[in-house]
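Reviewing the structure listed below.
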Amino acid sequence: MAADPESTTDADESSSYVRSLSLFDGVMVVAGGIIGSGIFRGPDVVAQRVDTPGLIMAAWAIGGAIALVGALCFAELGARRPEAGGGYVYLREAFSPLFGFLYGWKVAFITATGAIAALAITFADYARDIFELGEPWTLPIAVASIVFLSGVNYFGIRFGSLTQNIFTVLKLGALAGLVGAGLWFGTGEMTSPETAAQSVWATKGSWGIGAALGAALTPVLFAHGGWQHANHIAAEIKNPNRNLPLSLLIGVGVVVGSYLLANYAYLYALGVDGLAASDAPATDAMEALLGNTGGTLIGIGVMISVFGILNLIIMAAPRVLQAIAEDDLFFHAFARLHPEYRTPTWAILFQAGWAIVLAMTGTFSQLLNYVVFGDWILFALIVGTLFVYRHRDRATDGEPDTFRMVGYPLLPILFILASTFVVVSTISSMEPRNALIGVGILLLGVAVFYGFRSWRRQTSSERPAPVDESP
């Protein structure tokens, strides 16, 4: 029996995303996806590993350069395949559906939901401190933030994007205020580059400097992660061949510049020793400069920053699960988009529910610690898909009329080596038992993939054959 043309059109429309995000929206997604609480709380680790101003700034500059290389790689991939799901799509096409599923398994079931739970708890802790609420308020505030932002993103990506734009602008404003206060009121002693270089070279030598920079790069690169969220929502960006690469490059460039200025301000306000001794550099710097008022202001800034990245993950990650389901690797309901809002509603609801469970049970921290190295394994694999795509271009004597990164193949190789370094460095610093558990959690995705595929084939074979109603 022939299908009704009008119903077919409706079905096609309801199963597709709408390209409604502008270049500015994309830049805010990229910048907002990288800037979390790390730049406000984490630079002390870098200062402990490289103990001169020049080397501290060098570590952040090198990390920023590697992040820009990653953005270039993801820009070409996103322009080639401007579809929902990002890394899942590239790994599925270049290697196999299993590799794509493992990426989706980690994002949808472990890192995204675990990060949502962790960020919601962090947001609640800052809110309690600012509004002087008791500890029993932590979970209610955390759960309410997850429910509220999931609701915002349920009703359309325009609402989620508007929220993201507001909070990314606010967090950039908080960073600008921190930098301005540090440079205007700071009294830290900045050793001249020449004196610092001579001192370090004399005491550590070239190999010692290289080892110290290598140790400092791991936290720096973790602080620069997050640009991949823009690729998850590539199906909703206008003119993706132009706007997605520009969003990635401008967004990462803004973050790299902001991070360098923030660290310069920390050094100028606290000095190297003060920065290395502080477990909350932004708070300590602002309190040293402006007293308790400064500490309160930066606390509000961190709370805004955390809320912004919480919104972004809630907005972007469900697109990965929806893409998996659309390929028949998860329940069909998760593939559906809302006919009016064009959002993956089932994926959003599942994500919210699982994140709330992780937050209420307190298991998110342990879960994330087990698999913290997994992101950079997958980053390396995703960048590796560029070589597969380029090889296929040569084999078919055809190159797509889309953005192509400069520096190929040297820059992708550099990024893969940097990612490998982060993975090895992270695993070597973990307890062997925890590293094995993390590997086991990732490999569990293999069992889920084959188990679900087998179940899907079995249920498909048991369905009655369609009745032929043709004359």
Side-chain angles (χ1 to χ4, degrees), residues 27-28 30-68 71 122 126 167-191 193 213 216-227 250-290 294-309:
V27 171
M28 293 297 98
V30 174
I34 299 173
I35 302 172
S37 60
I39 188 60
F40 297 102
R41 297 174 62 88
D44 56 302
V45 179
V46 180
Q48 291 163 11
R49 296 179 181 181
V50 285
D51 52 3
T52 68
L55 288 180
I56 290 171
M57 296 302 292
W60 285 94
I62 294 169
I66 294 171
L68 281 168
T122 303
Y126 275 96
F167 281 91
T168 300
V169 169
L170 288 175
K171 73 171 71 177
L172 288 172
L175 272 175
L178 171 66
V179 170
L183 298 181
W184 187 264
F185 299 105
T187 57
E189 295 182 3
M190 295 284 290
T191 307
L213 275 174
L217 271 179
T218 299
V220 170
L221 288 174
F222 272 111
H224 281 92
W227 64 81
I250 295 172
V252 172
V254 167
V255 172
V256 171
S258 299
Y259 279 10
L260 288 171
L261 289 171
N263 277 278
Y264 190 87
Y266 289 147
L267 289 168
Y268 202 70
L270 300 173
V272 175
D273 293 338
L275 178 58
S278 173
D279 59 357
T283 301
D284 290 345
M286 290 295 282
E287 285 183 348
L289 297 170
L290 303 175
T296 300
L297 289 174
I298 203 62
I300 294 172
V302 176
M303 185 178 71
I304 288 170
S305 182
V306 169
F307 195 75
I309 196 169

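Below, all heavy atoms of this structure are taken into account, side chains as well, without hydrogens, waters or symmetry copies. The structure presented is a predicted model; accordingly, all values stated were derived computationally and were not measured.
- Atom-to-atom distance recorded for Gln48:CD and Asp273:CG is 11.0 Å, nearest 0.5 angstrom.
- Here Thr218 pairs with Ser425 under the side chain to side chain donor-acceptor pair (under 3.5 Å) rule; sequence neighbours left out.
- Here His224 contributes atom NE2 and Leu68 contributes atom CG; the two are 8.0 Å apart, rounded to the nearest 0.5 Å.
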Inset, instruction - Quick one: do Leu289 and Trp184 satisfy side chain to side chain contact (heavy atoms under 4.5 Å, CB included)? Show the steps, please. - result: CA-CA 9 Å; Leu289 297 170; Trp184 187 264; over 6 Å; no

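- When all heavy atoms of Pro43 and Asn263 are compared, the closest pair comes out as CB-OD1, 3.5 Å.
- Side-chain contact check for Leu178 versus Ile298: some heavy-atom pair is nearer than 4.5 Å.
- Side-chain atoms of Ser258 come within 3.5 Å of backbone N or O of Val254 as a donor-acceptor pair.
- The only member of Leu55, Ile56, Val50 that meets side-chain contact (heavy atoms from CB on, under 4.5 Å) when paired with Val272 is Ile56.
- Taking each heavy atom of Gly299 and Tyr126 in turn, the nearest pair found is O-CD2, 3.7 Å.
- Going from atom CG of Leu170 over to atom CD1 of Ile304 covers 5.0 Å, rounded to the nearest 0.5 Å.
- Once rounded to the nearest 0.5 Å, the distance linking CZ of Phe167 with CD1 of Ile35 reads 14.5 Å.
- Minimum heavy-atom separation, Thr168 to Ala31: CG2-CB, 4.1 Å.
- Listed here is the closest heavy atom pair of Leu270 and Ala288: CD2-CB, 4.5 Å.
- Ala223 and Ile34 get closest at one heavy-atom pair: O-CG2, 3.5 Å.
- Note on ring orientation: taking the six-membered ring where Trp is involved, the planes of Trp60 and Tyr259 are perpendicular (angle over 60°, cut-offs 30° and 60°).
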Inset, instruction - Give the C-alpha distance, both sets of side-chain angles, the deciding distance and a yes or no for side chain to side chain contact (heavy atoms under 4.5 Å, CB included) between Leu267 and Met57. - result: CA-CA 10 Å; Leu267 289 168; Met57 296 302 292; 4.1 Å; yes

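- With Lys171 contributing its side chain and Gly301 its backbone, the two residues share no donor-acceptor pair below 3.5 Å.
- Panel note: side chain Ser305, backbone Gly36; a donor-acceptor pair is recorded below 3.5 Å.
- Taking every heavy atom of both residues into account, Val45 and Pro219 meet most closely at CG1-CG, 4.0 Å.
- No donor-acceptor pair closer than 3.5 Å links the side chain of Glu287 to the backbone N or O of Gly295.
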